[in-house]
Asks: 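Okay, handing you the structure first.
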Amino acid sequence: MKKIFTFFMVLMMVSCMFITAYATEDTAQTERVTSNASETVLSNVTGRQEKIAEYTEKYGGDAVYGKTAYYLSLAQKYSIPICFIGLAIGALNFFIIGNKKLEKREQGFGMIIAFLLGLVVFQVLPLLFAIVVAGR
């Protein structure tokens, strides 16, 4: 249990470092002639920029907070399917394969606990960020 907790603490710290590193990057848009494919890519980029601008306005005009909130919302959205797939694999190891092999049962139990903790952490992280930023 200590290993799982330590793993998630390290994972949270590393993800926060990467989120902060991405949030502090300056993104300069350049004007150029575009084709249909590049217009699609630019529309996706501008959609991302619009969401970042929306979060920036929401968090008091600070660009770093806006980008951090954007990346935390992405992590929150994409953690759900990843954690459910991990839970399914862990349940397979624990309930089905674990009946024959004890080590697979232990591995499955560890995976279930790890992915449940990961799901809770990545769902609560944006809430904690919003509380900390609003409380400053």
Side-chain angles (χ1 to χ4, degrees):
M1 194 65 165
K2 289 181 184 179
K3 291 179 184 178
I4 294 171
F5 181 73
T6 306
F7 172 73
F8 274 109
M9 292 303 293
V10 169
L11 182 67
M12 271 187 9
M13 290 175 20
V14 169
S15 65
C16 287
M17 288 189 320
F18 282 120
I19 288 171
T20 305
Y22 284 124
T24 56
E25 287 181 356
D26 280 336
T27 55
Q29 294 188 0
T30 59
E31 302 276 332
R32 40 182 128 150
V33 178
T34 59
S35 66
N36 288 336
S38 58
E39 286 177 6
T40 305
V41 171
L42 284 177
S43 70
N44 289 340
V45 170
T46 56
R48 181 176 68 101
Q49 293 298 335
E50 288 174 2
K51 288 181 183 178
I52 290 175
E54 179 183 320
Y55 282 122
T56 302
E57 289 177 19
K58 191 175 186 179
Y59 288 108
D62 194 359
V64 174
Y65 286 152
K67 288 181 182 180
T68 304
Y70 173 73
Y71 289 118
L72 282 174
S73 69
L74 282 180
Q76 182 183 25
K77 182 170 45 172
Y78 291 119
S79 70
I80 294 171
I82 292 171
C83 287
F84 277 118
I85 289 171
L87 282 171
I89 294 170
L92 177 77
N93 281 336
F94 183 72
F95 292 114
I96 297 174
I97 300 172
N99 286 334
K100 302 285 182 183
K101 298 179 182 178
L102 185 59
E103 65 186 41
K104 286 292 188 178
R105 186 176 181 97
E106 292 173 359
Q107 180 186 8
F109 182 72
M111 286 178 70
I112 289 172
I113 297 298
F115 280 108
L116 278 177
L117 285 174
L119 185 66
V120 169
V121 165
F122 281 114
Q123 296 303 309
V124 172
L125 209 59
L127 174 66
L128 292 177
F129 175 76
I131 290 172
V132 168
V133 170
R136 65 172 177 100

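The shown structure was predicted, so the numbers you read here are calculated from the model rather than taken from an experiment.
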Asks: When you compare the side chain of R48 with that of Y70, does any pair of heavy atoms fall below 4.5 Å?
Replies: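 With C-beta onward as the side chain, the pair touches.
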
Asks: Would you compute the distance between atom OH of Y55 and atom OG1 of T68 and round it to the nearest 0.5 angstrom?
Replies: 12.0 Å

Asks: I'd like to check V120 versus L116 (side-chain heavy atoms, cut-off strictly below 4.5 Å). Are they in contact?
Replies: no

Asks: So how far is it from K51 NZ to E54 CD, rounded to the nearest 0.5 Å?
Replies: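 Rounded to the nearest 0.5 Å, the NZ-CD separation comes to 8.5 Å.
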
Asks: Check L72 against P126 and note the closest heavy-atom contact, atom names and distance.
Replies: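 Looks like O-CG, 3.7 Å.
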
Asks: Using every non-hydrogen atom in the two residues, find where S79 and Q123 come nearest and quote the distance to one decimal.
Replies: OG-NE2, 3.0 Å

Asks: Are Y78 and I52 co-members of a hydrophobic cluster defined by side-chain heavy atoms under 4.5 Å apart?
Replies: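 Looking at the clustering, Y78 is in the same group as I52.
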
Asks: Are any of the side-chain heavy atoms of K101 and N93 separated by less than 4.5 Å?
Replies: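 SC-SC contact between K101 and N93 ruled out.
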
Asks: Quick one: do L128 and V121 end up in the same hydrophobic cluster if we chain Ile, Leu, Val, Met, Phe, Trp and Tyr together by side-chain heavy atoms under 4.5 Å apart?
Replies: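 L128 and V121: separate clusters.
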
Asks: How about F129 and Y59: are their ring centres within less than 6.0 Å of each other?
Replies: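 Close enough - the centres of the two rings lie under 6.0 Å apart.
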
Asks: Could you state whether V124 and Y65 fall into the same hydrophobic cluster, counting links through intermediate Ile, Leu, Val, Met, Phe, Trp or Tyr residues with side-chain heavy atoms under 4.5 angstrom apart?
Replies: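 No; Y65 is not reachable from V124 via cluster members.
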
Asks: Can you tell me how far apart CE (M111) and CD (E106) are? Round to the nearest 0.5 Å.
Replies: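 That separation rounds to 14.5 Å.
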
Asks: Going only through I, L, V, M, F, W and Y residues with side-chain contacts under 4.5 Å, is there a path from F95 to F115?
Replies: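 In one cluster: yes.
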
Asks: Do I112 and L87 come close enough that some side-chain heavy atom pair is under 4.5 Å?
Replies: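 Yes, side chains in contact.
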
Asks: Are any of the side-chain heavy atoms of F122 and Q76 separated by less than 4.5 Å?
Replies: no

Asks: Work out which heavy atom in G118 is nearest to a heavy atom in C83; give both atom names and the distance.
Replies: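 Closest approach of G118 to C83: C-SG, 4.0 Å.
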
Asks: Determine, using the 4.5 Å side-chain heavy-atom cutoff (strictly less than), whether I85 and L117 are members of one ILVMFWY cluster.
Replies: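 They do share one cluster, since a chain of ILVMFWY contacts under 4.5 Å joins I85 to L117.
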
Asks: Considering only heavy atoms from C-beta outward, does the side chain of N99 approach that of R105 to under 4.5 Å?
Replies: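 In contact.
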
